[in-house]
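Note that these values count all heavy atoms, side chains included, but never hydrogens, waters or copies made by symmetry.
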Amino acid sequence: MSIPHLLVHSPKDNVGVVVVEGLKAGTEMFCVVTETNKDFRLITNADVPIGHKVALTDLAVGDTAIKYGEDIGKIVAPIKKGEHVHTHNLKTKRW
């Protein structure tokens, strides 16, 4: 049984959450969609801290980030599949 590197909550999500310490660029992550228990592989192209997000697809400026099947913010800088998603390229729509 493999230990997941990345959890995706809903099949609708376009970002997943890193659940291991010390994830390094170039790692082929074992990813699990918790709602369906399906799994897939994705290579990260950045070091990503535990608890931070990774893009599951290419995201363009103005796109909506989806986590838990819900809108969590707006993409403010282009993000490639496998890249770190955080405050440098994602902003909440609340403020």
Side-chain angles (χ1 to χ4, degrees):
M1 182 171 166
S2 295
I3 297 173
H5 296 92
L6 189 82
L7 291 180
V8 177
H9 300 283
S10 168
K12 299 175 191 172
D13 293 354
N14 57 16
V15 299
V17 179
V18 173
V19 294
V20 295
E21 294 281 355
L23 185 69
K24 298 293 182 195
T27 300
E28 182 182 46
M29 298 179 292
F30 175 60
C31 312
V32 175
V33 181
T34 58
E35 219 174 78
T36 62
N37 206 32
K38 291 192 176 193
D39 61 77
F40 62 96
R41 300 281 177 168
L42 175 67
I43 295 174
T44 182
N45 52 22
D47 294 350
V48 184
I50 191 170
H52 285 224
K53 294 171 290 301
V54 172
L56 303 179
T57 64
D58 290 346
L59 299 167
V61 172
D63 284 352
T64 296
I66 305 293
K67 180 177 160 190
Y68 310 112
E70 301 291 330
D71 177 341
I72 63 163
K74 179 175 73 170
I75 304 302
V76 296
I79 306 170
K80 296 231 182 267
K81 180 178 180 177
E83 283 187 351
H84 185 195
V85 179
H86 199 55
T87 57
H88 63 287
N89 53 22
L90 171 69
K91 300 294 179 201
T92 183
K93 295 177 184 175
R94 292 184 200 170
W95 299 288

What closest approach, in Å, do [X] and [Y] show between heavy atoms, and which atom pair accounts for it?
X: Asp47; Y: His84; value: O-ND1, 4.4 Å
X: Ile66; Y: Lys12; value: CG2-O, 3.6 Å
X: Val17; Y: His9; value: CG2-NE2, 4.3 Å
X: Pro11; Y: Thr36; value: CG-CG2, 3.7 Å
X: Gly69; Y: Ser10; value: N-CB, 3.6 Å

Quick check: is [Y] connected to [X] through a chain of hydrophobic side chains (ILVMFWY, heavy atoms under 4.5 Å apart)?
X: Leu6; Y: Leu23; result: yes
X: Val54; Y: Val33; result: yes
X: Val19; Y: Phe30; result: yes
X: Val20; Y: Leu42; result: yes
X: Phe40; Y: Met29; result: yes

By salt bridge (charged side-chain N to carboxylate O under 4.0 Å, His left out) - contacts of Asp71 (at least two apart): Lys93
Aromatic ring pairing His86/His88, orientation class (parallel under 30°, perpendicular over 60°, tilted between): tilted
Pairing residues for Lys91 by the side-chain contact (heavy atoms from CB on, under 4.5 Å) criterion, not counting sequence neighbours: Val76, Thr87
Partner residues of Ala55 under the side-chain contact (heavy atoms from CB on, under 4.5 Å) criterion, sequence neighbours left out: Leu59, Ile79, Val85
Check: Asp58 side chain, Lys81 main-chain N or O, donor-acceptor pair, under 3.5 Å: yes
Any donor-acceptor pair under 3.5 Å from Asn14 side chain to Leu56 backbone: no
Tell me, do [X] and [Y] make a side-chain contact under 4.5 Å, heavy atoms counted?
X: Ile75; Y: Leu90; value: yes
X: His5; Y: Thr44; value: no
X: Thr27; Y: Val48; value: no

